[in-house]
Asker: 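Mind having a look at this structure? Questions to follow.
On a predicted model such as this, the values are computed, not experimentally measured, just so you know. Count residues from 1 along the sequence.
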Amino acid sequence: MPPWANGFDTSSDTEVVLRAHHEWGHRDPRSAVSELNGMFAYALWDTAKRELLLIRDRLGIKPLYYYPTEHAVLFGSEPQAVLANNLVEPMDADGLRRTLCSIPDPDSTVFRGMREVRPGHIVRVTRDGIKEMSYWHLSDSGHTDDVPTTVRRVRELLEDTIQRQLIADVPLCTLLSGGLDSSAMTALAARFGDERIRSFAVDFVGYTENLIPGPWRPTPMGRTCRWLRKKVGTDRTDITLSAHELVDPNVRAATLHARDLPLTLGNLEH
């Protein structure tokens, strides 16, 4: 069915977002965002109301940063997009403390004056200023299901989520670590996908031979990856890193540039 048959001019999901705000969000943007399912972060300029909306998904999977200035607001999906403007000030002492403590602060980033849109929130920018509003929050309603019902419900949620995420206009792949979560996602993606799923796995030189088994790593993850890929039939790509590559200054610089933020999480597994 052509896109226009359903009232759309294109097959882009961006147009769906625009139509949602046109149909449901003309009075309150929360009405439109509440209808969206999945992970997203976007900015929307309302020409009629002359207001900017910065919107982030419920769990904050997609990032969105903004920086208020005297007469405007800078925003982008990564800090370097905002830092490209010379109005942005560098990291200060408070930012350095946050970096060393590895404690996330929803009200600000490690850069002075730069903020993140909170998960499940909308930042509304008008001539009157900046207002933050919540459109979703996680609530605890208690758990009374027995084990079989819980297992069935978790499986239903996983299958529904994976099938939704397989709808894409670009090639799909999974990062397979050998753990329970990535293994389950890879297996379900291979089951529901129309095309052969590509899986990527990262290993380290000497890891298998020198692993000291423990409660978190009783066996090398590479074995699980190989078994699963053979079981579900994925197109595999293995990346093996050496200690020399890991400490290469050029690699570290490229990683920091791509990440935008200081690396605060070291190797917690010994």
Asker: Under the criterion side-chain contact (heavy atoms from CB on, under 4.5 Å), I'd like the reasoning laid out for Val33 against Phe40: C-alpha separation, chi angles, the key distance, then a yes or no.
Answerer: CA-CA 10 Å; Val33 184; Phe40 50 84; 4.0 Å; yes
Asker: Verify, without hydrogens or angle tests, whether Glu15 (side chain) and Asp9 (backbone) share a donor-acceptor contact under 3.5 angstrom.
Answerer: yes
Asker: Any side-chain heavy-atom pair from Ile130 and Arg115 closer than 4.5 angstrom?
Answerer: no
Asker: If the condition is side-chain contact (heavy atoms from CB on, under 4.5 Å), which residues does Asn37 pass it with, not counting sequence neighbours?
Answerer: Arg164
Asker: Drop me the distance from Met185's CE to Gln165's CD, to the nearest 0.5 angstrom.
Answerer: 10.0 Å
Asker: Donor-acceptor pair, Lys62 side chain versus Ser77 backbone, under 3.5 Å?
Answerer: no
Asker: Side chains of Tyr67 and Thr69: closer than 4.5 Å at any heavy-atom pair?
Answerer: yes
Asker: Using a 4.5 Å cut-off on heavy atoms from C-beta on, say whether the side chain of Leu18 contacts that of Leu44.
Answerer: yes
Asker: Establish, from distance only, whether the side-chain atoms of Asp146 and Thr149 form a donor-acceptor pair under 3.5 Å.
Answerer: yes
Asker: Would the distance check show the side chain of Arg112 and the main-chain N or O of Glu89 forming a donor-acceptor pair, the cut-off being under 3.5 Å?
Answerer: no
Asker: side-chain contact (heavy atoms from CB on, under 4.5 Å), that's the test. Do Tyr65 and Gln80 meet it? Break it down for me.
Answerer: CA-CA 10 Å; Tyr65 299 86; Gln80 64 179 262; over 6 Å; no
Asker: Between Glu245 and Thr240, which heavy-atom pair has the shortest distance, and what is it?
Answerer: OE1-O, 3.7 Å
Asker: Counting heavy atoms not belonging to His143, are there more than 12 under 6.0 Å from its NE2?
Answerer: yes
Asker: When you look at Arg191 and Val232, which way does the side-chain contact (heavy atoms from CB on, under 4.5 Å) test go after all the steps?
Answerer: CA-CA 8 Å; Arg191 174 183 172 187; Val232 303; over 6 Å; no
Asker: So how far is it from Leu54 CG to Leu64 CG, rounded to the nearest 0.5 Å?
Answerer: 5.5 Å
Asker: Once rounded to the nearest 0.5 Å, what's the spacing between atom CZ of Arg229 and atom OG1 of Thr234?
Answerer: 6.0 Å
Asker: Using atom types as modelled and distance alone, determine if a side-chain donor or acceptor of Thr126 lies under 3.5 Å from a backbone N or O of Asp128.
Answerer: yes
Asker: Are Glu78 and Pro63 close enough that some pair of their side-chain heavy atoms sits under 4.5 Å apart?
Answerer: no
Asker: Do you know which two heavy atoms are closest between Met133 and Pro29, and how far apart they sit?
Answerer: SD-CG, 4.3 Å
Asker: Can we say Arg226 and Asp203 salt-bridge, meaning some charged N sits less than 4.0 Å from an Asp/Glu carboxylate O?
Answerer: no
Asker: Hey, could you give me the OG/NZ distance between Ser183 and Lys231, rounded to the nearest 0.5 Å?
Answerer: 13.5 Å
Asker: Apply side-chain contact (heavy atoms from CB on, under 4.5 Å) to the pair Met114 and Leu83, showing each step before the final yes or no.
Answerer: CA-CA 9 Å; Met114 188 185 300; Leu83 292 169; 3.9 Å; yes
Asker: In this structure, would Val117 and Leu52 fall into the same cluster of hydrophobic residues linked by side-chain contacts under 4.5 Å?
Answerer: yes
Asker: Find the distance between CZ (Arg27) and NZ (Lys49) and round it off to the nearest 0.5 Å.
Answerer: 9.5 Å
Asker: Counting distance only, does the side-chain N/O of His121 pair as donor-acceptor with the main-chain N or O of Pro119 below 3.5 Å?
Answerer: yes
Asker: Can you name the closest pair of heavy atoms from Gly95 and Asp92 and give their distance?
Answerer: N-OD1, 2.9 Å
Asker: Applying side chain to side chain donor-acceptor pair (under 3.5 Å), can you list everything that pairs with Arg196, at least two apart in sequence or on another chain?
Answerer: Asp235
Asker: Taking the side chain as everything from C-beta on, heavy atoms only, tell me whether Ile197 gets closer than 4.5 Å to Leu166.
Answerer: yes
Asker: Assess whether atom NZ of Lys131 is packed by more than 12 heavy atoms of other residues, nucleotides or ligands within 6.0 Å.
Answerer: no
Asker: Can you name the nearest heavy-atom pair linking Gly76 to Ala81, along with the distance?
Answerer: CA-CB, 4.3 Å
Asker: Got Trp136 and Leu59 here, is their nearest side-chain heavy-atom distance under 4.5 Å?
Answerer: yes
Asker: Can you get from Phe200 to Leu172 by hopping between Ile, Leu, Val, Met, Phe, Trp and Tyr side chains that sit under 4.5 Å apart?
Answerer: no
Asker: Take a 6.0 Å sphere around CD of Glu195 and say whether it holds more than 12 heavy atoms from other residues, nucleotides or ligands.
Answerer: no
Asker: Is there a path from Val151 to Leu188 through hydrophobic residues (I, L, V, M, F, W, Y) whose side chains come within less than 4.5 Å of each other?
Answerer: no
Asker: Supply the atom-to-atom distance Asp248 CG to Leu241 CG, rounded to the nearest 0.5 angstrom.
Answerer: 11.5 Å
Asker: Nearest heavy-atom pair of Val16 and Phe8: which atoms, and what distance?
Answerer: CA-CE2, 4.0 Å
Asker: Sub-3.5 Å donor-acceptor pair from the side chain of Arg58 to the main-chain atoms of Ser34, do we have one?
Answerer: yes
Asker: Spell out, yes or no, whether Ile122 and Phe75 are grouped together once hydrophobic residues are joined by side-chain heavy atoms under 4.5 Å, including indirect joins.
Answerer: no
Asker: Is it the case that the side chain of Ser242 and the backbone of Val205 share a donor-acceptor pair, with hydrogens and angles ignored and the cut-off at 3.5 Å?
Answerer: no
Asker: Is there a continuous path of hydrophobic side-chain contacts, each under 4.5 Å between heavy atoms, that joins Val202 to Leu228?
Answerer: no
Asker: Between Ser177 and Cys225, what is the shortest heavy-atom contact and its length?
Answerer: C-SG, 3.6 Å
Asker: Side-chain contact test, heavy atoms from C-beta onward, threshold under 4.5 Å: evaluate it for Leu36 versus Tyr42 and give yes or no.
Answerer: yes
Asker: If you count every heavy atom of other residues, nucleotides or ligands that lies below 6.0 Å from Leu157 atom CG, does the total exceed 12?
Answerer: yes
